[in-house]
Amino acid sequence: MLTLGVNIDHVATIRQARQTVEPDPIAAAVLAELAGADGITAHLREDRRHIQERDVEILRQTVRTHLNLEMAATKEMVGIALKLKPDYVTLVPERREEVTTEGGLDVAGNLDYLFGVVEQLQSQQIPVSLFIDPDVPQLKAAAQSGTKFIELHTGKYANAPTADDQARELGSLAIACDIALELGLRINAGHGLTYWNVCPVAELPGMEELNIGHSIMSRAILVGMERAVREMKLAMLGLPF
């Protein structure tokens, strides 16, 4: 059954804009779960621009579904994950000057290093997901890394300028899903998904979880968190929202 992981980073973005205590991403996580979220995702970036260590520590104690910790594959972050023990970790690329995550992880170009990171985390019962583009060499490298999951980067699909471009990018995602299943990888996806483009991705073969943040938080500002989460779950099923 397809599940929804709600990314709460941008609640923390608003808080950090004023360096204050509100809005609290912990409260947002509680409301998201009450509305039917199947998991909570938080990205602890090296520059701490939104989510803070305090946030992930409390989330670990309070999340009742599952906690997905997004992070760079650095020694510092691996140490935090080993101490925190989230339900799973998604390794993503990071650049301090980027507005949001740009592109997928280059697993093929860093296979030896990532193999060690994946092994270190999974040996402590923390499943690892690799955030990658729907690219055959990256899929094959992900399988070689020993990771349990991949998260397909849906940014090119979400940002496609025309319907034809979007159809082509959806085709690339579908091919990537078929290859991932052949390689024994479990499949998540995310980045740029909205109420209007999520359904075709939700219907891709083998898709297990969609991690969505910005679109849900944008809607929640207008209609409230619980309604925003409920309506995204309807959109994933292709139902009116």
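FYI, side chains are in, hydrogens and waters are out, and symmetry mates aren't considered; it's all heavy atoms of this structure.
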Worksheet entry | Distance-only polar pair, side chains of N211 and E151, donor-acceptor under 3.5 Å | yes
Worksheet item: Sub-3.5 Å donor-acceptor pair from the side chain of R230 to the main-chain atoms of G36, do we have one?
Response: no
Practice prompt. Mark yes or no for whether T147, through its side chain, and A143, through its backbone, hold a donor-acceptor pair below 3.5 Å.
Written response: no
Fill in: Single-linkage hydrophobic cluster, 4.5 Å side-chain cutoff, V6 and M236 together
yes
Practice prompt. Output yes when a side-chain donor or acceptor of Q138 lies under 3.5 Å from a complementary backbone atom of A108, and no otherwise.
Written response: yes
Fill in: Side-chain donor/acceptor of E226 to backbone N/O of A35, under 3.5 Å
no
Practice prompt. Hey, could you give me the OG/NE2 distance between S218 and H10, rounded to the nearest 0.5 Å?
Written response: 7.5 Å
Response to the item:
Rounded to the nearest 0.5 Å, the OG1 atom of T90 sits from the CG atom of N188 at a distance of 6.5 Å
Item to complete: Show your reasoning for whether side-chain contact (heavy atoms from CB on, under 4.5 Å) applies to T162 and Q166.
Response: CA-CA 6 Å; T162 69; Q166 190 174 58; over 6 Å; no
Discussion item. I'd like to know if the side chain of N7 and the backbone of A42 have a donor-acceptor N/O pair within less than 3.5 Å.
Written reply: no
Worksheet item: Is the shortest distance from a Lys or Arg side-chain nitrogen in D55 or R15 to a carboxylate oxygen in the other one below 4.0 Å?
Response: yes
Item to complete: Please check if any side-chain donor atom of N68 sits under 3.5 Å from a side-chain acceptor atom of T41, or the reverse.
Response: yes
Worksheet entry | D106 side-chain N/O to G109 backbone N/O, donor-acceptor pair under 3.5 Å | yes
Fill in: Main-chain N/O of G39 paired to E33 side chain as donor or acceptor, under 3.5 Å
no
Worksheet item: Measuring from I8:CD1 to L31:CG, what's the distance to the nearest 0.5 Å?
Response: 10.5 Å
Discussion item. Whether the side chain of Y195 engages the backbone of A228 through a donor-acceptor N/O pair (distance < 3.5 Å, no angle test) should be reported.
Written reply: yes
Practice prompt. Give the intermediate values and the outcome of side-chain contact (heavy atoms from CB on, under 4.5 Å) for residues M71 and V78.
Written response: CA-CA 8 Å; M71 61 180 222; V78 170; 4.1 Å; yes
Item to complete: Rounded to the nearest 0.5 Å, what's the gap from CZ on F115 to CD on Q144? Could you check?
Response: 10.0 Å
Discussion item. Are the side chains of E70 and I51 in contact, using a 4.5 Å heavy-atom criterion?
Written reply: no
Worksheet entry | Test: D135 and K140 ion pair at under 4.0 Å | no
Worksheet item: Does a sphere of radius 6.0 Å around NZ in K233 hold more than 12 heavy atoms from other residues, nucleotides or ligands, not counting ones at 6.0 Å or beyond?
Response: yes
Discussion item. Strictly distance-based, threshold 3.5 Å: is any side-chain N or O of D178 a donor or acceptor partner for the main-chain N or O of I175?
Written reply: no
Practice prompt. For R54, look at atom CZ and say whether over 12 heavy atoms of other residues, nucleotides or ligands are found less than 6.0 Å away.
Written response: yes
Discussion item. Within this structure, what is the CG-CD1 distance for the pair L185 and I179, rounded to the nearest 0.5 Å?
Written reply: 10.5 Å
Fill in: Spatial distance of atom CG (L152) from atom NE2 (H191) [nearest 0.5 Å]
13.5 Å
Worksheet item: Any chance NE2 of H66 has more than 12 other-residue heavy atoms, nucleotides or ligands included, within less than 6.0 Å?
Response: yes
Worksheet item: For E208, does its backbone N or O pair with a side-chain atom of T3 as donor and acceptor, under 3.5 Å?
Response: yes
Discussion item. For the residue pair Y88 / Q122, report whether a side-chain donor-acceptor contact shorter than 3.5 Å exists.
Written reply: no
Worksheet entry | N-O pairing of E53 and R48 below 4.0 Å | yes
